[in-house]
> 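Take this structure, written in structure tokens, and hold onto it; I'll ask about it next.
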Protein chains: 2
Amino acid sequence: MAYRETEKMRNRKAEARKRIIECTHECVAEGGFRSAQITRIAACAGVATGTIYRHFESKEDLFAEIFRIATQREVNRVAEALATEGDPVVRLETALRQFAERALRGPVMAWALIAEPVDPKVEEERLKFRRAYAELFEQAIRESIEEDSLPVQDARQSSTCVVGAIAESLVGPLSPAQAEGADQADKNDHDPLVDSIICFCMQGLTGTRR
Amino acid sequence: MAYRETEKMRNRKAEARKRIIECTHECVAEGGFRSAQITRIAACAGVATGTIYRHFESKEDLFAEIFRIATQREVNRVAEALATEGDPVVRLETALRQFAERALRGPVMAWALIAEPVDPKVEEERLKFRRAYAELFEQAIRESIEEDSLPVQDARQSSTCVVGAIAESLVGPLSPAQAEGADQADKNDHDPLVDSIICFCMQGLTGTRR
DNA sequence: ACAAAGAATGAATAATGATTCACTACTTAT
DNA sequence: ATAAGTAGTGAATCATTATTCATTCTTTGT
């Protein structure tokens with residue numbers, strides 16, 4: 001009875017774990033899950049490959065955790081935008097814009113979260129992610145319909161279309177613009193591209209020219 | 001000087017090649033490019049793995065060819081629907097419906113063509129595929145704008161949104177419905193799901209309630 | 001029937017990348 | 001200082017697949 005886990009050790013381990021998570025996030029944001037190999041992540045975090053496995057059961061588990069974290073952040077932003085007071089359609093538009101802007105700011109990560117093929121455990125997280133979005137957008141659409149701010153429609157389906165329209169708009173730019181995309185990252189909040197996407201989506205929802 | 005390639009042999013080879021192509025198509029339609037391994041394809045086509053390489057330079061080349069063929073078929077259908085006479089907006093709607101129905105009928109193949117990550121040579125084909133669609137839908141949208149049948153908009157962007165809305169609508173059903181999807185394959189031409197997608201898209205394009 | 005040429009074969013090889021594990025180094029309590 | 005226990009290491013292993021190539025089988029012209 002000599003060694004007993006102490007606070008100091010717990011902290012150190014927690015830090016290592018955090019570092020691994022951050023590096024994985026970084027790798028995924030750079031090239032998607034596909035390019036995030038354990039070896040690369042380990043090197044980036046400054047630990048041995050084996051160390052990864054002291055902190056995570058498997059690559060799948062690690063990825064699932066990354067996914068959960070990244071997703072939570074996105075969903076929270078949208079939820080915030082939807083939680084304000086005022087015209088429900090305006091709130092919806094704001095939330096969609098939020099979503100589109102964030103996605104276009106980090107297209108590789110957005111693609112990884114939305115469409116990149118992943119292993120089952122990660123896919124499971126993705127389903128929760130989708131459900132979370134569905135609940136948010138759908139709910140907002142549904143409320144708007146009840147208030148006669150939107151015409152009657154299949155809220156779930158409309159929500160899907162909206163997410164798809166935005167996703168596709170960024171998958172296109174993905175192959176050529178990957179490198180340059182990072183440059184124009186955080187400067188302008190008023191991209192005409194976003195405007196035209198949002199315009200399409202809002203028209204799709206409202207059936208009203210804007 | 002004994003053996004000289006004869007007509008009979010040429011035919012036999014051509015048949016083998018065709019069989020390989022068909023089986024590859026089948027495998028891709030079943031589980032995407034990812035699940036189409038050379039061994040599986042060879043087994044399905046009733047030849048040895050090595051034989052595949054007598055007909056195709058590499059897996060990438062084979063896939064590129066499959067992609068080209070499948071794509072050509074899809075694009076042709078849409079082109080046909082767009083080539084008719086009459087109200088350009090109606091033609092557009094018909095073409096979109098065509099596209100959506102076909103995609104939802106074979107969602108795995110559609111996903112493979114639209115969004116599955118693939119090797120560079122295949123990705124190159126995908127770019128051509130995208131360009132072909134862009135040219136079709138965009139052109140139609142552009143013409144409609146000129147005739148004042150559609151409000152002024154970024155035709156390229158709208159086309160992207162439309163493709164995305166449809167694609168996302170089928171990616172959702174993909175994971176759960178894969179198996180059952182095949183069953184309801186070719187029966188009904190009037191799916192309410194398609195209706196609501198098309199409704200959203202047309203409203204997105206026109207800004208008019210329908 | 002025979003020999004020359006090509007086609008087909010599939011076991012062996014190569015390449016990639018996740019995971020393990022025998023070992024070392026470090027922490028802690030006595 | 002020492003022993004007991006834990007964390008970290010990274011080369012070795014395992015698994016998966018594309019690709020090769022020495023060998024066998026077929027076809028063809030004489």
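Each chain gets a letter, A, B and so on, in the order the sequences are listed, and its residues count up from 1.
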> Rounded to whole Å, how long is the line connecting atom CZ of R40(A) with atom P of dG10(D)?
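From R40(A) CZ to dG10(D) P: 19 Å.
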
> Do R17(B) and E65(B) sit within salt-bridge range, that is, some charged N less than 4.0 Å from a carboxylate O?
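Here R17(B) pairs with E65(B) in a salt bridge, since their nearest N and O are under 4.0 Å apart.
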
> Roughly, in whole Å, what's the span from CZ in F56(A) to P in dA18(C)?
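Rounded to whole Å, this separation is 15 Å.
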
> Under 3.5 Å, is there a donor-acceptor pair linking the side chains of E125(A) and T71(A)?
no

> Using the ring of each side chain (for Trp, its six-membered ring), is Y133(B) parallel, tilted or perpendicular to F129(B), with breaks at 30° and 60°?
perpendicular

> List every contact pair, protein side and nucleotides 6-8 of chain C side both N or O, where the distance is under 3.5 Å.
from	atom 1	to	atom 2	distance (Å)
dA7(C)	OP1	K13(B)	NZ	2.5
dA8(C)	N7	R54(B)	NE	3.1

> Under 4.0 Å between a side-chain N/O of K8(B) and OP1 or OP2 of dT26(D), yes or no?
no

> Donor-acceptor pair, distance only, cut-off 3.5 Å: does the side chain of E116(A) make one with the backbone of R34(A)?
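Checking the backbone N and O of R34(A) against the side chain of E116(A), a donor-acceptor pair under 3.5 Å is found.
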
> Check the distance between dA3(D)'s C1' and R4(A)'s CZ and give it to me in whole angstrom.
14 Å

> Is the shortest distance from a Lys or Arg side-chain nitrogen in K121(A) or E124(A) to a carboxylate oxygen in the other one below 4.0 Å?
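Salt bridge absent between K121(A) and E124(A).
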
> Atom CG of L62(B) to atom P of dT19(D): distance rounded to whole Å?
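Going from L62(B) (CG) to dT19(D) (P), I get 10 Å.
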
> I52(B) has an atom CD1; how far is it from atom P of dG10(C), in whole Å?
12 Å

> Given that T6(B) and F63(B) both sit by DNA chain D, which one's nearest nucleotide is further toward the 5' end?
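The 5'-side residue here is F63(B).
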
> Do F67(A) and F63(A) have ring centres separated by under 6.0 Å?
no

> Checking all strands, does T49(A) fall into the base, sugar-phosphate, or nothing category for heavy-atom contacts under 4.0 angstrom?
base

> Check whether the side chains of E30(B) and S35(B) place a donor and an acceptor atom closer than 3.5 Å, and report yes or no.
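Short answer, no.
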
> Determine, for R126(B) against E123(B), whether the closest basic-nitrogen to carboxylate-oxygen distance falls under 4.0 angstrom.
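Yes, R126(B) and E123(B) are salt-bridged.
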
> What integer distance in Å separates E60(A):CD from dG17(C):C1'?
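Taking atom C1' of dG17(C) as the reference, CD of E60(A) is at 15 Å.
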
> Between the side chains of E138(A) and R142(A), is the shortest nitrogen-to-carboxylate-oxygen separation below 4.0 Å, so that they form an ion pair?
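Yes, R142(A) and E138(A) are salt-bridged.
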
> Rounded to whole Å, how long is the line connecting atom CD of E7(A) with atom P of dA29(C)?
12 Å

> Atom pairs, N/O to N/O, protein against nucleotides 14-17 of chain D, distance under 3.5 Å?
none

> Run the salt-bridge test on R97(B) and D195(B) with the 4.0 Å N-O cut-off and return the result as yes or no.
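Salt bridge: yes.
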
> Under 3.5 Å, which N/O atoms of the protein pair with N/O atoms of nucleotides 13-15 of chain C?
none

> For the pair E168(A) and R130(B), evaluate salt bridge (Lys or Arg N to Asp or Glu O under 4.0 Å) and give the outcome as yes or no after the intermediate values.
CA-CA 11 Å; E168(A) 180 75 6; R130(B) 279 189 192 286; 2.6 Å; yes

> In whole Å, I'd like the distance from the NZ atom of K121(B) to the C1' atom of dA18(D).
14 Å

